[in-house]
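Here's the structure, in C-alpha coordinates; my notes come after.
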Protein chains: 2
Amino acid sequence: MTMSLPADLWPDVKPDAARRLMYAAVESFAKVGFHGTTTRDIATAAGMSPAALYVHFSSKAALLFAISRDGHERTLEMVQRVAGTDGSPVDRVRLLVERFVEWHARRHVVARVVQYELEALPADEYTTVAALRRRIEQVVQSLIADGVKDGSFTVPDEKIAARAVLSLGIDVARWYSERARKTPKALGREYATLVLRMLGSSAQ
Amino acid sequence: MTMSLPADLWPDVKPDAARRLMYAAVESFAKVGFHGTTTRDIATAAGMSPAALYVHFSSKAALLFAISRDGHERTLEMVQRVAGTDGSPVDRVRLLVERFVEWHARRHVVARVVQYELEALPADEYTTVAALRRRIEQVVQSLIADGVKDGSFTVPDEKIAARAVLSLGIDVARWYSERARKTPKALGREYATLVLRMLGSSAQ
DNA sequence: TCCTTTCCTAAGCACACGCTTAGCGTGCGG
DNA sequence: CCGCACGCTAAGCGTGTGCTTAGGAAAGGA
(Lines give C-alpha, C1' and ligand atoms only; values in the text may rest on other atoms or scores of the structure.)
Protein backbone atom coordinates (compact mmCIF):
# COMPACT_ATOMS: atom_id res chain seq x y z
CA MET A 1 0.00 0.00 0.00
CA THR A 2 1.93 2.94 -1.32
CA MET A 3 -0.47 5.55 -0.10
CA SER A 4 -0.53 4.26 3.46
CA LEU A 5 -4.25 3.73 3.70
CA PRO A 6 -5.60 3.25 7.21
CA ALA A 7 -5.72 -0.43 8.11
CA ASP A 8 -9.17 -0.12 9.63
CA LEU A 9 -11.28 0.61 6.57
CA TRP A 10 -14.37 -1.55 6.00
CA PRO A 11 -13.94 -3.92 8.93
CA ASP A 12 -17.24 -5.63 8.20
CA VAL A 13 -16.46 -6.50 4.62
CA LYS A 14 -16.03 -10.24 4.18
CA PRO A 15 -14.28 -12.28 2.98
CA ASP A 16 -10.85 -10.70 3.21
CA ALA A 17 -10.45 -10.90 -0.54
CA ALA A 18 -13.35 -8.51 -1.05
CA ARG A 19 -11.79 -6.08 1.35
CA ARG A 20 -8.45 -6.34 -0.41
CA LEU A 21 -10.18 -5.49 -3.67
CA MET A 22 -11.69 -2.40 -2.08
CA TYR A 23 -8.30 -1.32 -0.79
CA ALA A 24 -6.77 -1.77 -4.22
CA ALA A 25 -9.64 -0.03 -5.96
CA VAL A 26 -9.85 3.01 -3.68
CA GLU A 27 -6.18 3.65 -4.14
CA SER A 28 -6.33 3.55 -7.90
CA PHE A 29 -9.65 5.40 -8.13
CA ALA A 30 -8.18 8.18 -5.99
CA LYS A 31 -5.03 8.38 -8.09
CA VAL A 32 -6.28 8.11 -11.65
CA GLY A 33 -10.06 8.10 -11.30
CA PHE A 34 -12.62 5.43 -11.99
CA HIS A 35 -12.20 5.55 -15.76
CA GLY A 36 -8.41 5.55 -15.52
CA THR A 37 -8.54 2.39 -13.41
CA THR A 38 -8.80 -1.01 -15.08
CA THR A 39 -10.04 -4.17 -13.52
CA ARG A 40 -6.54 -5.55 -14.14
CA ASP A 41 -5.04 -2.70 -12.08
CA ILE A 42 -7.32 -3.53 -9.17
CA ALA A 43 -6.85 -7.27 -9.39
CA THR A 44 -3.09 -7.07 -9.70
CA ALA A 45 -2.83 -4.72 -6.73
CA ALA A 46 -4.98 -7.13 -4.71
CA GLY A 47 -2.84 -10.08 -5.71
CA MET A 48 -5.57 -11.77 -7.74
CA SER A 49 -6.68 -12.29 -11.29
CA PRO A 50 -9.16 -9.90 -12.92
CA ALA A 51 -11.91 -12.52 -12.83
CA ALA A 52 -11.72 -12.70 -9.02
CA LEU A 53 -13.23 -9.25 -8.78
CA TYR A 54 -16.49 -10.64 -10.16
CA VAL A 55 -16.73 -13.25 -7.44
CA HIS A 56 -17.20 -10.47 -4.92
CA PHE A 57 -18.63 -7.58 -6.87
CA SER A 58 -20.99 -7.58 -9.80
CA SER A 59 -19.02 -5.00 -11.73
CA LYS A 60 -16.24 -2.46 -11.50
CA ALA A 61 -18.88 0.18 -10.87
CA ALA A 62 -20.28 -1.88 -7.99
CA LEU A 63 -16.87 -1.56 -6.33
CA LEU A 64 -17.01 2.18 -6.73
CA PHE A 65 -20.52 2.29 -5.32
CA ALA A 66 -19.51 0.24 -2.27
CA ILE A 67 -16.70 2.67 -1.52
CA SER A 68 -18.74 5.78 -2.24
CA ARG A 69 -21.80 4.75 -0.28
CA ASP A 70 -19.79 3.74 2.75
CA GLY A 71 -17.81 6.96 2.66
CA HIS A 72 -20.99 9.02 2.51
CA GLU A 73 -22.62 7.01 5.27
CA ARG A 74 -19.57 7.51 7.50
CA THR A 75 -19.65 11.23 6.83
CA LEU A 76 -23.35 11.48 7.52
CA GLU A 77 -22.97 9.58 10.77
CA MET A 78 -20.20 11.93 11.77
CA VAL A 79 -22.13 15.12 11.16
CA GLN A 80 -25.24 13.66 12.79
CA ARG A 81 -23.24 12.70 15.83
CA VAL A 82 -22.00 16.28 16.10
CA ALA A 83 -25.54 17.58 15.70
CA GLY A 84 -26.59 15.32 18.57
CA THR A 85 -24.08 16.72 21.03
CA ASP A 86 -24.91 19.18 23.77
CA GLY A 87 -23.49 22.59 23.44
CA SER A 88 -24.00 25.94 21.86
CA PRO A 89 -24.26 26.36 18.11
CA VAL A 90 -20.74 27.75 18.17
CA ASP A 91 -19.42 24.67 19.97
CA ARG A 92 -21.19 22.40 17.60
CA VAL A 93 -20.03 24.13 14.44
CA ARG A 94 -16.52 24.16 15.82
CA LEU A 95 -16.73 20.44 16.46
CA LEU A 96 -18.33 19.83 13.08
CA VAL A 97 -15.54 21.58 11.21
CA GLU A 98 -12.86 19.86 13.26
CA ARG A 99 -14.35 16.47 12.59
CA PHE A 100 -15.19 17.08 8.92
CA VAL A 101 -11.77 18.46 8.08
CA GLU A 102 -10.03 15.78 10.09
CA TRP A 103 -11.95 13.09 8.27
CA HIS A 104 -11.07 14.48 4.85
CA ALA A 105 -7.40 14.83 5.78
CA ARG A 106 -6.97 11.49 7.51
CA ARG A 107 -9.07 9.72 4.93
CA HIS A 108 -8.03 11.79 1.94
CA VAL A 109 -7.67 8.80 -0.35
CA VAL A 110 -11.20 7.57 0.32
CA ALA A 111 -12.49 11.13 0.43
CA ARG A 112 -11.10 11.87 -2.99
CA VAL A 113 -13.16 9.02 -4.41
CA VAL A 114 -16.19 9.99 -2.35
CA GLN A 115 -16.13 13.63 -3.38
CA TYR A 116 -14.90 13.52 -6.94
CA GLU A 117 -15.96 10.22 -8.51
CA LEU A 118 -19.70 10.65 -8.51
CA GLU A 119 -20.19 10.95 -12.23
CA ALA A 120 -18.97 7.40 -12.81
CA LEU A 121 -21.71 5.88 -10.68
CA PRO A 122 -24.61 4.27 -12.54
CA ALA A 123 -27.84 6.26 -12.31
CA ASP A 124 -29.56 4.39 -9.49
CA GLU A 125 -26.43 4.28 -7.41
CA TYR A 126 -25.86 7.97 -8.00
CA THR A 127 -29.37 8.69 -6.77
CA THR A 128 -28.65 6.83 -3.55
CA VAL A 129 -25.43 8.69 -2.98
CA ALA A 130 -26.87 12.08 -3.92
CA ALA A 131 -29.54 11.63 -1.26
CA LEU A 132 -26.88 11.00 1.35
CA ARG A 133 -25.04 14.12 0.24
CA ARG A 134 -28.15 16.22 0.58
CA ARG A 135 -28.68 14.98 4.12
CA ILE A 136 -25.10 15.89 5.02
CA GLU A 137 -25.60 19.36 3.62
CA GLN A 138 -28.85 19.76 5.52
CA VAL A 139 -27.21 18.93 8.82
CA VAL A 140 -24.51 21.49 8.20
CA GLN A 141 -27.05 24.10 7.17
CA SER A 142 -29.20 23.53 10.22
CA LEU A 143 -26.22 23.84 12.58
CA ILE A 144 -25.39 27.18 11.04
CA ALA A 145 -29.03 28.26 11.12
CA ASP A 146 -29.10 27.49 14.84
CA GLY A 147 -26.22 29.88 15.33
CA VAL A 148 -27.87 32.58 13.27
CA LYS A 149 -31.09 32.16 15.23
CA ASP A 150 -29.43 32.55 18.61
CA GLY A 151 -27.33 35.46 17.39
CA SER A 152 -23.95 33.78 17.49
CA PHE A 153 -23.50 33.95 13.73
CA THR A 154 -24.26 36.63 11.22
CA VAL A 155 -24.05 35.62 7.59
CA PRO A 156 -25.43 37.34 4.50
CA ASP A 157 -26.73 34.04 3.12
CA GLU A 158 -26.94 30.85 5.17
CA LYS A 159 -26.84 28.52 2.21
CA ILE A 160 -23.74 30.07 0.77
CA ALA A 161 -22.09 30.05 4.16
CA ALA A 162 -22.87 26.35 4.58
CA ARG A 163 -21.57 25.74 1.10
CA ALA A 164 -18.34 27.53 1.93
CA VAL A 165 -17.91 25.51 5.12
CA LEU A 166 -18.38 22.27 3.24
CA SER A 167 -16.05 23.43 0.49
CA LEU A 168 -13.21 24.01 2.90
CA GLY A 169 -13.48 20.45 4.15
CA ILE A 170 -14.08 18.81 0.80
CA ASP A 171 -11.12 20.52 -0.85
CA VAL A 172 -8.85 19.09 1.82
CA ALA A 173 -9.35 15.75 0.09
CA ARG A 174 -7.85 17.23 -3.07
CA TRP A 175 -4.76 18.79 -1.60
CA TYR A 176 -3.91 16.88 1.58
CA SER A 177 -1.12 14.37 1.49
CA GLU A 178 1.09 12.55 3.97
CA ARG A 179 3.73 15.18 3.42
CA ALA A 180 1.46 17.94 4.70
CA ARG A 181 2.87 19.97 7.54
CA LYS A 182 -0.19 19.65 9.73
CA THR A 183 -1.75 16.57 11.27
CA PRO A 184 -5.41 16.04 10.46
CA LYS A 185 -6.35 16.99 13.98
CA ALA A 186 -4.32 20.21 13.98
CA LEU A 187 -5.69 21.12 10.58
CA GLY A 188 -9.22 20.56 11.81
CA ARG A 189 -8.66 22.86 14.77
CA GLU A 190 -7.18 25.57 12.65
CA TYR A 191 -9.90 25.37 10.07
CA ALA A 192 -12.52 25.53 12.82
CA THR A 193 -11.02 28.83 13.94
CA LEU A 194 -11.16 30.18 10.42
CA VAL A 195 -14.74 29.01 9.91
CA LEU A 196 -16.04 30.51 13.15
CA ARG A 197 -14.56 33.80 12.15
CA MET A 198 -16.08 33.48 8.73
CA LEU A 199 -19.46 32.95 10.31
CA GLY A 200 -19.04 36.10 12.33
CA SER A 201 -18.65 34.50 15.71
CA SER A 202 -16.71 36.36 18.33
CA ALA A 203 -16.03 33.10 20.18
CA GLN A 204 -12.97 31.52 18.55
CA MET B 1 -22.88 23.14 -26.65
CA THR B 2 -24.99 21.64 -23.94
CA MET B 3 -23.10 23.22 -21.11
CA SER B 4 -23.28 26.72 -22.56
CA LEU B 5 -19.59 27.38 -22.66
CA PRO B 6 -18.60 31.00 -23.13
CA ALA B 7 -18.14 31.82 -26.81
CA ASP B 8 -14.93 33.71 -26.17
CA LEU B 9 -12.61 30.95 -25.09
CA TRP B 10 -9.25 30.67 -26.85
CA PRO B 11 -9.72 33.48 -29.38
CA ASP B 12 -6.17 33.08 -30.67
CA VAL B 13 -6.45 29.42 -31.46
CA LYS B 14 -6.40 28.81 -35.20
CA PRO B 15 -7.69 27.35 -37.36
CA ASP B 16 -11.29 27.25 -36.20
CA ALA B 17 -11.26 23.47 -36.29
CA ALA B 18 -8.62 23.36 -33.56
CA ARG B 19 -10.74 25.64 -31.43
CA ARG B 20 -13.79 23.49 -31.99
CA LEU B 21 -11.82 20.48 -30.83
CA MET B 22 -10.89 22.32 -27.65
CA TYR B 23 -14.50 23.22 -27.03
CA ALA B 24 -15.57 19.62 -27.50
CA ALA B 25 -12.75 18.31 -25.36
CA VAL B 26 -13.16 20.67 -22.43
CA GLU B 27 -16.81 19.81 -22.19
CA SER B 28 -16.23 16.09 -22.10
CA PHE B 29 -13.16 16.31 -19.88
CA ALA B 30 -15.17 18.35 -17.38
CA LYS B 31 -18.08 15.90 -17.45
CA VAL B 32 -16.40 12.49 -17.43
CA GLY B 33 -12.71 13.29 -17.03
CA PHE B 34 -9.81 12.81 -19.36
CA HIS B 35 -9.79 9.02 -19.09
CA GLY B 36 -13.54 8.83 -19.56
CA THR B 37 -13.30 10.83 -22.78
CA THR B 38 -12.43 9.10 -26.04
CA THR B 39 -11.00 10.70 -29.10
CA ARG B 40 -14.20 9.64 -30.86
CA ASP B 41 -16.26 11.59 -28.29
CA ILE B 42 -14.25 14.72 -28.98
CA ALA B 43 -14.23 14.35 -32.74
CA THR B 44 -17.94 13.61 -32.97
CA ALA B 45 -18.81 16.60 -30.79
CA ALA B 46 -16.61 18.78 -33.01
CA GLY B 47 -18.25 17.46 -36.15
CA MET B 48 -15.12 15.71 -37.41
CA SER B 49 -13.56 12.32 -37.64
CA PRO B 50 -11.23 11.05 -34.90
CA ALA B 51 -8.20 11.37 -37.18
CA ALA B 52 -8.80 15.13 -37.56
CA LEU B 53 -7.77 15.62 -33.97
CA TYR B 54 -4.24 14.61 -34.91
CA VAL B 55 -3.97 17.26 -37.61
CA HIS B 56 -4.15 19.92 -34.91
CA PHE B 57 -2.87 18.22 -31.77
CA SER B 58 -0.21 15.60 -31.41
CA SER B 59 -2.24 13.50 -28.97
CA LYS B 60 -5.32 13.48 -26.78
CA ALA B 61 -3.09 14.51 -23.89
CA ALA B 62 -1.80 17.46 -25.90
CA LEU B 63 -5.38 18.72 -26.05
CA LEU B 64 -5.67 18.45 -22.30
CA PHE B 65 -2.38 20.26 -21.86
CA ALA B 66 -3.45 23.12 -24.14
CA ILE B 67 -6.61 23.61 -22.08
CA SER B 68 -4.88 23.22 -18.74
CA ARG B 69 -1.95 25.48 -19.48
CA ASP B 70 -4.15 28.25 -20.85
CA GLY B 71 -6.48 28.01 -17.86
CA HIS B 72 -3.58 28.28 -15.46
CA GLU B 73 -2.03 31.16 -17.39
CA ARG B 74 -5.35 33.02 -17.34
CA THR B 75 -5.62 32.48 -13.61
CA LEU B 76 -2.07 33.59 -12.97
CA GLU B 77 -2.59 36.73 -15.04
CA MET B 78 -5.71 37.48 -13.05
CA VAL B 79 -4.09 37.19 -9.65
CA GLN B 80 -1.04 39.11 -10.82
CA ARG B 81 -3.25 41.88 -12.12
CA VAL B 82 -4.89 42.12 -8.72
CA ALA B 83 -1.50 42.13 -7.01
CA GLY B 84 -0.52 45.02 -9.26
CA THR B 85 -3.42 47.25 -8.26
CA ASP B 86 -3.18 50.12 -5.85
CA GLY B 87 -4.95 49.75 -2.60
CA SER B 88 -4.65 48.34 0.85
CA PRO B 89 -4.04 44.64 1.45
CA VAL B 90 -7.69 44.36 2.45
CA ASP B 91 -8.83 45.90 -0.83
CA ARG B 92 -6.56 43.67 -2.81
CA VAL B 93 -7.56 40.47 -1.08
CA ARG B 94 -11.19 41.44 -1.51
CA LEU B 95 -10.61 42.01 -5.20
CA LEU B 96 -8.61 38.78 -5.46
CA VAL B 97 -11.35 36.66 -3.97
CA GLU B 98 -14.02 38.34 -6.06
CA ARG B 99 -12.09 37.75 -9.23
CA PHE B 100 -10.93 34.22 -8.37
CA VAL B 101 -14.37 33.04 -7.36
CA GLU B 102 -15.99 34.76 -10.29
CA TRP B 103 -13.58 33.08 -12.68
CA HIS B 104 -14.25 29.61 -11.26
CA ALA B 105 -18.01 30.14 -11.35
CA ARG B 106 -18.23 31.71 -14.79
CA ARG B 107 -15.69 29.32 -16.22
CA HIS B 108 -16.62 26.31 -14.12
CA VAL B 109 -16.37 23.90 -17.04
CA VAL B 110 -12.82 24.95 -17.92
CA ALA B 111 -11.96 25.31 -14.24
CA ARG B 112 -13.04 21.77 -13.50
CA VAL B 113 -10.53 20.51 -16.03
CA VAL B 114 -7.88 22.94 -14.84
CA GLN B 115 -8.24 22.01 -11.17
CA TYR B 116 -9.05 18.33 -11.26
CA GLU B 117 -7.45 16.79 -14.36
CA LEU B 118 -3.81 17.26 -13.51
CA GLU B 119 -2.95 13.63 -12.99
CA ALA B 120 -3.66 12.81 -16.64
CA LEU B 121 -1.02 15.19 -17.93
CA PRO B 122 2.25 13.65 -19.14
CA ALA B 123 5.18 14.28 -16.80
CA ASP B 124 6.79 17.24 -18.58
CA GLU B 125 3.48 18.94 -19.13
CA TYR B 126 2.54 18.38 -15.51
CA THR B 127 5.78 20.03 -14.45
CA THR B 128 4.92 23.09 -16.51
CA VAL B 129 1.47 23.35 -15.06
CA ALA B 130 2.59 22.67 -11.49
CA ALA B 131 5.01 25.60 -11.74
CA LEU B 132 2.15 27.87 -12.78
CA ARG B 133 0.09 26.64 -9.84
CA ARG B 134 2.89 27.40 -7.43
CA ARG B 135 3.15 30.94 -8.76
CA ILE B 136 -0.57 31.46 -8.31
CA GLU B 137 -0.32 30.23 -4.73
CA GLN B 138 2.61 32.49 -4.05
CA VAL B 139 0.75 35.56 -5.19
CA VAL B 140 -2.15 34.71 -2.93
CA GLN B 141 0.18 34.05 -0.03
CA SER B 142 2.02 37.30 -0.49
CA LEU B 143 -1.21 39.32 -0.60
CA ILE B 144 -2.25 37.79 2.68
CA ALA B 145 1.21 38.29 4.16
CA ASP B 146 0.98 41.99 3.25
CA GLY B 147 -2.19 42.24 5.28
CA VAL B 148 -0.64 40.44 8.22
CA LYS B 149 2.34 42.73 8.09
CA ASP B 150 0.30 45.90 8.15
CA GLY B 151 -1.96 44.55 10.87
CA SER B 152 -5.13 44.21 8.83
CA PHE B 153 -5.19 40.44 9.11
CA THR B 154 -4.47 38.10 11.95
CA VAL B 155 -4.17 34.44 11.08
CA PRO B 156 -2.62 31.59 13.05
CA ASP B 157 -0.82 30.27 9.99
CA GLU B 158 -0.47 32.25 6.77
CA LYS B 159 0.01 29.23 4.56
CA ILE B 160 -3.08 27.49 5.81
CA ALA B 161 -5.07 30.69 5.47
CA ALA B 162 -3.92 31.08 1.86
CA ARG B 163 -4.77 27.44 1.25
CA ALA B 164 -8.25 27.96 2.65
CA VAL B 165 -8.78 31.02 0.47
CA LEU B 166 -7.75 29.10 -2.63
CA SER B 167 -9.88 26.13 -1.62
CA LEU B 168 -13.02 28.23 -1.48
CA GLY B 169 -12.47 29.39 -5.02
CA ILE B 170 -11.33 26.09 -6.44
CA ASP B 171 -14.25 24.16 -5.00
CA VAL B 172 -16.63 26.51 -6.79
CA ALA B 173 -15.56 24.73 -9.97
CA ARG B 174 -16.86 21.48 -8.53
CA TRP B 175 -20.28 22.63 -7.40
CA TYR B 176 -21.22 25.62 -9.51
CA SER B 177 -23.66 25.14 -12.34
CA GLU B 178 -25.90 27.31 -14.50
CA ARG B 179 -28.77 26.53 -12.13
CA ALA B 180 -26.98 28.15 -9.20
CA ARG B 181 -28.92 30.88 -7.46
CA LYS B 182 -26.11 33.40 -7.52
CA THR B 183 -24.39 35.01 -10.46
CA PRO B 184 -20.62 34.62 -10.56
CA LYS B 185 -20.19 38.25 -9.66
CA ALA B 186 -22.57 38.10 -6.69
CA LEU B 187 -20.95 34.91 -5.48
CA GLY B 188 -17.53 36.51 -5.71
CA ARG B 189 -18.68 39.45 -3.61
CA GLU B 190 -20.22 37.27 -0.99
CA TYR B 191 -17.21 35.00 -0.77
CA ALA B 192 -14.97 38.03 -0.45
CA THR B 193 -16.93 39.08 2.62
CA LEU B 194 -16.57 35.63 4.14
CA VAL B 195 -12.86 35.51 3.39
CA LEU B 196 -12.09 38.91 4.87
CA ARG B 197 -13.82 37.85 8.03
CA MET B 198 -11.90 34.62 8.02
CA LEU B 199 -8.67 36.55 7.80
CA GLY B 200 -9.67 38.60 10.80
CA SER B 201 -10.23 41.87 9.03
CA SER B 202 -12.66 44.31 10.55
CA ALA B 203 -13.17 45.97 7.16
CA GLN B 204 -15.85 43.93 5.33
C1' DT C 1 -3.84 27.09 -64.68
C1' DC C 2 -0.83 24.41 -61.92
C1' DC C 3 1.50 23.20 -57.91
C1' DT C 4 1.90 22.98 -53.09
C1' DT C 5 0.14 22.97 -48.69
C1' DT C 6 -3.34 22.26 -45.57
C1' DC C 7 -7.13 19.95 -43.87
C1' DC C 8 -9.50 16.54 -43.63
C1' DT C 9 -11.87 11.25 -44.17
C1' DA C 10 -12.17 6.25 -44.26
C1' DA C 11 -10.08 2.39 -43.10
C1' DG C 12 -7.38 -0.08 -40.40
C1' DC C 13 -3.78 -1.54 -36.78
C1' DA C 14 -2.22 -3.25 -32.47
C1' DC C 15 -3.65 -3.41 -28.29
C1' DA C 16 -6.55 -2.85 -24.21
C1' DC C 17 -10.79 -3.42 -21.62
C1' DG C 18 -14.91 -5.27 -18.84
C1' DC C 19 -16.63 -9.29 -18.38
C1' DT C 20 -17.75 -14.55 -19.01
C1' DT C 21 -16.81 -19.42 -18.92
C1' DA C 22 -14.80 -23.79 -17.88
C1' DG C 23 -12.31 -26.02 -14.77
C1' DC C 24 -9.67 -26.86 -10.55
C1' DG C 25 -8.37 -26.81 -5.72
C1' DT C 26 -9.59 -26.25 -1.00
C1' DG C 27 -12.33 -26.34 2.96
C1' DC C 28 -16.33 -27.74 5.37
C1' DG C 29 -20.02 -30.59 6.85
C1' DG C 30 -22.42 -34.91 7.00
C1' DC D 1 -14.37 -40.45 2.99
C1' DC D 2 -17.35 -37.99 -0.20
C1' DG D 3 -20.00 -34.40 -2.01
C1' DC D 4 -20.88 -29.72 -2.23
C1' DA D 5 -19.96 -24.91 -2.04
C1' DC D 6 -16.89 -21.41 -2.41
C1' DG D 7 -13.09 -19.02 -4.17
C1' DC D 8 -10.40 -18.59 -7.32
C1' DT D 9 -7.40 -18.94 -12.26
C1' DA D 10 -6.47 -19.09 -17.16
C1' DA D 11 -8.21 -18.35 -21.30
C1' DG D 12 -10.94 -16.12 -24.15
C1' DC D 13 -14.83 -13.06 -26.16
C1' DG D 14 -16.72 -9.03 -28.18
C1' DT D 15 -15.97 -4.57 -28.30
C1' DG D 16 -13.52 -0.33 -27.69
C1' DT D 17 -9.36 2.80 -27.86
C1' DG D 18 -5.48 5.96 -29.39
C1' DC D 19 -3.34 6.50 -33.17
C1' DT D 20 -1.49 5.81 -38.21
C1' DT D 21 -1.76 5.68 -43.15
C1' DA D 22 -3.24 6.43 -47.78
C1' DG D 23 -5.69 9.21 -50.43
C1' DG D 24 -8.65 13.03 -51.83
C1' DA D 25 -10.51 17.69 -51.74
C1' DA D 26 -10.03 22.45 -51.05
C1' DA D 27 -7.56 26.63 -50.59
C1' DG D 28 -3.93 29.68 -51.62
C1' DG D 29 -0.13 31.48 -54.17
C1' DA D 30 2.72 32.07 -58.22
Exercise. Whole Å only: how far is the CG atom of Leu53(A) from the P atom of dC19(C)?
Worked result: 8 Å

Exercise. Will you find, in the side chains of Asp124(B) and Thr127(B), an N or O donor that is under 3.5 Å from an N or O acceptor?
Worked result: no

For this session: In whole angstrom, give the distance that lies between atom NE2 of His35(B) and atom C1' of dC17(C).
Result: 14 Å

For this session: Using heavy atoms to find the nearest nucleotide of DNA chain C for Ala51(A) and Ala52(B) separately, return the residue whose nucleotide is more 5′.
Result: Ala52(B)

Exercise. Are Glu77(B) and Arg74(B) ion-paired here, with the side-chain N under 4.0 Å from a carboxylate O?
Worked result: yes

Exercise. Between Met48(B) (CE) and dC8(C) (P), how many Å, whole number?
Worked result: 6 Å

For this session: With heavy atoms under 4.0 Å as the rule, sort Ser58(A) into base, sugar-phosphate or nothing.
Result: nothing

Problem set entry | From CG (Leu187(A)) to CD (Glu98(A)), nearest 0.5 Å | 11.0 Å

For this session: For Asp41(A) and dC19(C), give me the distance from atom CG to atom P, rounded to whole Å.
Result: 14 Å

Seminar exercise, completed: Between CG of Leu21(A) and P of dG18(C) the distance, given in whole Å, is 14 Å

Exercise. Roughly how many Å is it from CZ in Phe57(A) to C1' in dG18(C), rounded to a whole number?
Worked result: 16 Å

Problem set entry | Aromatic plane relationship, Tyr23(B) with Trp10(B) - under 30° parallel, 30 to 60° tilted, over 60° perpendicular | perpendicular

Seminar exercise, completed: To the nearest angstrom, the NE2-P distance between His56(A) and dT20(C) comes to 15 Å

Exercise. Contact class for Thr38(B) vs. all strands (heavy atom < 4.0 Å): base, sugar-phosphate, or nothing?
Worked result: sugar-phosphate

For this session: Pick out which of Asp86(A), Thr85(A), Ile144(A) makes a side chain to side chain contact (heavy atoms under 4.5 Å, CB included) with Arg92(A).
Result: Thr85(A)

For this session: Report the distance from atom NZ of Lys14(B) to atom P of dT6(C), rounded to the nearest whole Å.
Result: 17 Å

Problem set entry | For chain B, the stretch of DNA chain D it reaches, first to last nucleotide, under 4.0 Å of its heavy atoms | dT17(D) to dT21(D)

For this session: Using side chain to side chain donor-acceptor pair (under 3.5 Å) as the criterion, point out the one residue from His108(B), His104(B), Arg174(B) that pairs with Gln115(B).
Result: His104(B)

Exercise. For DNA chain C, whose closest nucleotide is more 5', that of Thr37(A) or that of Gly47(B)?
Worked result: Gly47(B)

Problem set entry | Arg135(A), CZ: over 12 other non-hydrogen atoms inside 6.0 angstrom | no

